[in-house]
Amino acid sequence: MKKIRLVEIKSEIGAGARGASLGVDAVKIAALELGSKYFKHYQAVEVSDENHLLLEHVNNPHAKRIGGISVMYERIAKTLGEIIKNGEFPIILSGDHSNAGGTIAGLKMAYPKERLGVIWIDAHADLHSPFTTPSGNVHGMPLATALAEDNLDFQINYPDDKTIENWENLKNIGGISPKIYPEDIIFLGVRDTEDPEDELISNNHIRNYSVEEVRSLGIDKVTRESLTRLNHCDHIYISFDVDCMDSAVSRGTGTPVPDGFTVKEAGDLASRLVQHEKVLC
């Protein structure tokens with residue numbers, strides 16, 4: 001069994017609402033109050049952030065603070081590469097979800113010739129690009145960077161040259177693009193999407209197990225089916241966003257969505273999936 005290495009990434013420059021950087025310490029404080037020794041037992045490495053950019057004027061309205069996010073991708077990828085090289089299992093405690101794009105980049109760079117599957121437990125598909133985003137928040141784009149997907153068929157924005165340069169860097173970090181393929185993605189609980197994302201999901205036949213479907217089929221069946229669908233992949237990354245849970249439960253997120261998972265359902269999904277031998281992060 002591999003040694004667990006915690007990775008703390010308190011970056012929140014990809015989000016539209018403030019506070020995601022506080023999530024890591026909130027989890028640790030909650031564990032302390034429950035009497036858990038988890039964070040004493042496992043050592044953590046912290047990835048430095050670029051949150052000072054929150055105090056500066058936004059120059060890239062279609063991909064806000066994308067220059068800083070490009071820096072974060074590089075740092076996250078480098079950190080994960082070192083952890084995997086040491087034979088450790090990274091568990092990432094993150095700020096906003098743009099950081100997941102850096103995570104996928106780091107995992108792919110560690111295993112450039114092997115296929116990476118992604119199980120995305122989230123209320124959102126995060127498949128926007130600077131060309132399609134209605135908000136400009138890069139936390140809605142990490143899977144698009146991993147897929148190297150601009151989705152120009154649904155273009156509504158015309159980003160400036162600097163934004164496009166940084167976007168290309170996000171897609172091509174490590175010299176590998178794309179890093180994953182649509183058939184290697186499983187969505188669990190995705191329920192708040194826009195038309196450009198819906199078209200990508202439909203056209204690429206990306207499997208999305210709705211909250212209702214998970215309850216109907218049962219968590220055991222859904223986790224088995226999900227892992228079977230990714231059987232052709234060499235490795236699997238599980239990304240868990242707190243807004244996968246119902247907005248009545250996950251009140252701390254900046255993007256709450258109703259009709260989500262309960263705490264128990266979310267916990268059961270994550271714990272069942274992480275036991276699979278191909279899961280590496």
Residue set satisfying side chain to side chain contact (heavy atoms under 4.5 Å, CB included) with Thr133, at least two apart, ordered chain then number -> His128, Ser135, Met141, Asn157
Holding to ring pair (Phe, Tyr, Trp, His ring centres under 6.0 Å), I want the full list of residues that pass it with Phe89, two or more places apart in sequence or in another chain.
none
Sequence neighbours left out, what passes side-chain hydrogen bond (donor to acceptor under 3.5 Å, both in side chains) with His139? Give chain and number order.
none
Residue list, side chain to side chain contact (heavy atoms under 4.5 Å, CB included) with Glu165, at least two apart or on another chain
Lys162
Is there a chain of hydrophobic side chains (I, L, V, M, F, W, Y, each step under 4.5 Å between heavy atoms) that links Val274 to Leu107?
no
Cut-off 3.5 Å, no hydrogens considered: what does the side-chain donor-acceptor table look like for residues 92-105, sequence neighbours left out?
unit_1	atom_1	unit_2	atom_2	d
Ser94	OG	Asp96	O	3.4
Ser94	OG	Asn99	ND2	2.9
Asp96	OD1	Ser98	N	2.8
Asp96	OD1	Ser98	OG	2.6
Asp96	OD2	Ile13	N	3.2
Asp96	OD2	Gly14	N	2.8
His97	ND1	Asp122	OD2	3.1
His97	ND1	Asp126	OD2	3.1
His97	ND1	Asp241	OD2	3.0
His97	NE2	Ser239	OG	2.7
Asn99	ND2	Ser11	O	3.3
Asn99	ND2	Asp96	O	3.0
Thr103	OG1	Asn99	O	3.2

Name all residues meeting the salt bridge (charged side-chain N to carboxylate O under 4.0 Å, His left out) criterion together with Lys113; count only those two or more places apart in sequence or in a different chain, and write none if there are none.
none
Run the side chain to side chain contact (heavy atoms under 4.5 Å, CB included) test against Leu152 and tell me which residues pass, sequence neighbours left out.
Phe131, Asp150, Gln155
Partners passing side-chain hydrogen bond (donor to acceptor under 3.5 Å, both in side chains) against Asp184 (at least two apart in sequence or in another chain)
Arg115, His232
Does the pair Glu168/Lys171 count as a salt bridge with the N-to-O cut at 4.0 Å?
yes
Could you give the side-chain donor-acceptor pairs of residues 31-44 under 3.5 Å, partners two or more places apart or in another chain?
unit_1	atom_1	unit_2	atom_2	d
Ser36	OG	Tyr38	N	3.1
Gln43	OE1	Arg5	NH1	3.2

Please list, chain by chain and in numerical order, all residues satisfying side-chain hydrogen bond (donor to acceptor under 3.5 Å, both in side chains) with Glu225, sequence neighbours excluded.
Tyr209, Lys221
For residues 55-68, the salt bridge (charged side-chain N to carboxylate O under 4.0 Å, His left out) pairs (sequence neighbours left out) are none
Pair listing, salt bridge (charged side-chain N to carboxylate O under 4.0 Å, His left out) test, anchored in residues 247-260, at least two apart
none
